[in-house]
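Chain letters run A, B, ... following the sequence lines, proteins first, then strands; residues in each count from 1. Note that the coordinates shown come from a computational prediction; the quantities given were computed from them, not determined experimentally.
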Amino acid sequence: MPNHEEQITPQVFEHLVDLAALDLDEEEAEYLRRELNNQLSAIRELETIQLPDDLTSAAHGVPYPSERRQALRPDRHEPFGGSAEILALAPQLDEGCVIVPEIPHTTLE
Amino acid sequence: MEICDLTALEISRRLRSREISALEVLESCLARVRQVDGQPGSLDSGAGDNEDARKVHAFITLMEDAACSQALALDKELATGGDPGPLAGIPITVKDIFCVRDTPSTAASRILSSFHAPYSATPVERMLKAGAVLLGKVNLDEFTYGSSSESSAFQPSPRNPWDPSRVPGGSSGGSAASVAAGEAYLSLGTDTAGSIRQPAAFCGVVGMKPTYGRVSRYGLIAFGSSLDCPGPLARSAADAALMMNAIAGVDARDATSANVPVPDYLAALQGRIEGMRIGLSPDYFQITFPDAESGAYNQQALPAEMEAAVLRAAEIYRGMGAQIIPDVPLPNTRYGIPAYFVISRVEAASNLHRYDGVKYGYRTPQPVSELKELYRRSRAEGFGLQPKLRILMGMYVSAAQYSEQYYHRALRVRTLIRGDFEEAFDPHGKYRLDALLTPTTPSTAFPMGDVYGDSVLMQYADQLTVPANHAGIPGISFPGGIAADGLPLGIQLLGPDFSEDILLRLAHAYEQASADADWRAVRPKVLKEA
């Protein structure tokens, strides 16, 4: 798909990759940047629509009037007994603590 | 006809009358799996050889031993006069996007390949409580990102039982294929842009997207939290109704599940068709395709045989006394895919932030010097291309300098799409429809490898299904014939919020009226060659 305007330049792409916490090889990066720009050409169709000023956003399609919504549960502590089982899923665990590498520190001036 | 080729309702009847045992039913399904499925999907196995190209590959995890234990226990309970539930003894598959306790729950991704869920999703729990026998977890597009099931990290990916050189559709491709191939009677899938309805159409089975909030999303590994809908894939509308009876209903563990009473969907199948108002919209008889060379988006007419299948269904309903209302405008249908590119990607990026190699799932084995490097390497190695693509697009269109132009705009376009349906279904409006009759897909199942890699063309496979996801309304796809290429054609019904009973009734009525059609005797290729 030809890109008539490349909105996601290599510099913008690099910034997105950093925000997304990804490492990409060159082949992946090329494919992904190309597909992103292709998708933007489809998304641009949204810009052609005349939207009335008073048109509100829809976070989801189905409305939730009060009778359809669930009541909040009582504000009561309900102990959960499965913590050990869930913690056991961690790749590296030590005495109930999840072990991770050094967290970068920044000295504040 | 083999036991595994019957319907779930028929199996249920025979089990309760003790004509067959749950173990016999299971063994019939397992024999079919051994016959047609080939090797299950796995990491790093490659796309497979020539033999694999003739098999279905629906499964990631086949749970034969556990299923046998369940079947034996059910037989014991039935023998002593017990009632294990309305799905008792019926082998089912579950799309591997649902957590099932103590089983690999992978989302077809390396990043969750080692994850054994510590709990079960609500719809799975409900089916098991109703006595269903869990045969296994079936394959899908990675994190449900796709419309062909090809993007799975667990290869070989599923193939279409009607022609294994074709895709089964996606993302619930393993679900649709397992039901179509006679490996299971029912499957639990998910529909975010058409991921139940489209593979159901491609594989010649029934697939329903319930109203958003009708079925709990607790335990569903999230893609688009405002769009995802768990739902049934089955061989008949009645079987889908049987499954909906088990899975629908409010759930305190999902705040978005709706506090709306659940009707008896099976009983509702017998209601009236006469007097119903069923709409046809010109906006669903044309399709948009991006031109690979020029980059333009061209509109063209729906393939003639697909239009003919929908119009034949309309005539069948007219013969039952329904009124067919033509020319119902749904002008914002064409913005469904562009809006979906934005909304779904923002939600996907948000939902995938949690996969960081820290608390569960894949952590890079490479030595790293600090935490951010752990995040980057784990995510880079754990995610395939399709999740990466969605994360990156989601970050872009939700960025502060672009969110008004893209994300907020897309949410307002969603209001327009919803408005089209509200006008069509308004009981006091001009059209007052009970249902809208449309094709399900713009084409029959396409060949493996033909579209994968072109993310825009792939997404446009969902153009006739995605508006229902934006609007939250229910939809059902059911077989409407066989095309000239020998592949199934799907017909779709869309309805007002929480009208699943009406849609199932209409689909059932069509099935009854076309029961003797020649095309219903045609079998999938893998079964002819088995």
Which of [options] touches chain A most, by non-hydrogen pairs under 4.5 Å:
options                        : result
B/F498, B/Y375, B/Y335, B/Y212 : B/Y335
B/A471, B/G472, B/S226         : B/A471
B/Y360, B/F421, B/Y362         : B/Y360
B/A252, B/G213, B/S225         : B/A252
B/L374, B/D356, B/L385         : B/L385
B/A380, B/S114, B/G419         : B/A380

Using a cut-off of under 4.5 Å for heavy-atom pairs, which of [options] has the most such pairs with chain B?
options                    : result
A/L24, A/D25, A/I99, A/L40 : A/L40
A/T48, A/L87, A/L36        : A/L36
A/P91, A/A20, A/A59        : A/P91
A/P63, A/A88, A/A71        : A/P63
A/R69, A/R73, A/E67, A/E45 : A/E45

For chain B, which residues of residues 102-109 of chain A have heavy atoms nearer than 4.5 angstrom: A/E102, A/I103, A/P104
Going by atom types alone, do A/Q7 and A/R44 pair a side-chain donor with an acceptor below 3.5 Å? yes
Would you say the side chains of B/T192 and B/D228 form a donor-acceptor pair under 3.5 Å? yes
Hey, which residues of residues 403-413 of chain B are touching chain A, say heavy atoms under 4.5 Å apart? B/Q405, B/Y406, B/H408, B/R409, B/A410, B/L411, B/R412, B/V413
For the pair [X] (side chain) and [Y] (backbone), establish whether a donor and an acceptor sit closer than 3.5 Å, ignoring hydrogens and angles.
X      : Y      : result
B/R379 : A/A21  : yes
B/R363 : B/G357 : yes
B/D454 : B/L457 : yes
B/E381 : B/T364 : no
B/R376 : A/D18  : no
B/T465 : B/Q463 : no
B/D251 : B/S216 : no
A/N37  : A/I8   : yes
B/R354 : B/N351 : yes

After noting the C-alpha distance and the side-chain angles of B/E500 and B/R214, does the key distance pass the salt bridge (charged side-chain N to carboxylate O under 4.0 Å, His left out) rule? CA-CA 9 Å; B/E500 290 84 358; B/R214 177 76 287 181; 5.1 Å; no
Tell me whether the count of non-hydrogen atoms from other residues, nucleotides or ligands lying under 6.0 Å of CD in B/E423 goes above 12. no
Does A/E78 have more than 12 heavy atoms from other residues, nucleotides or ligands lying within 6.0 Å of its CD? yes
Can you say whether [X] sits under 4.5 Å from chain A via the side chain, the backbone, both, or neither, judging by heavy atoms?
X      : answer
B/D102 : side chain
B/Y460 : side chain
B/I391 : side chain
B/T288 : neither
B/V250 : side chain
B/S378 : neither
B/Y340 : neither

Given a strict heavy-atom distance threshold of 4.5 Å, which part of A/Q39 is in contact with chain B: side chain, backbone, both, or neither? both
Part of A/V17 lying under 4.5 Å from any heavy atom of chain B: both
Can B/T122 and B/R253 be said to form a side chain to side chain donor-acceptor pair (under 3.5 Å), step by step? CA-CA 8 Å; B/T122 294; B/R253 296 177 295 187; 3.1 Å; yes
Do A/E85 and B/R101 sit within salt-bridge range, that is, some charged N less than 4.0 Å from a carboxylate O? yes
Contacts of B/F223 that satisfy ring-ring contact (aromatic ring centres under 6.0 Å, His included) - sequence neighbours left out: B/Y145
Could you check B/Y402 against B/Y396 for ring pair (Phe, Tyr, Trp, His ring centres under 6.0 Å), going step by step and ending with a plain yes or no? CA-CA 7 Å; B/Y402 304 122; B/Y396 183 74; 4.4 Å; yes
For B/Y119, check side chain to side chain donor-acceptor pair (under 3.5 Å) against everything at least two apart and list the hits. none
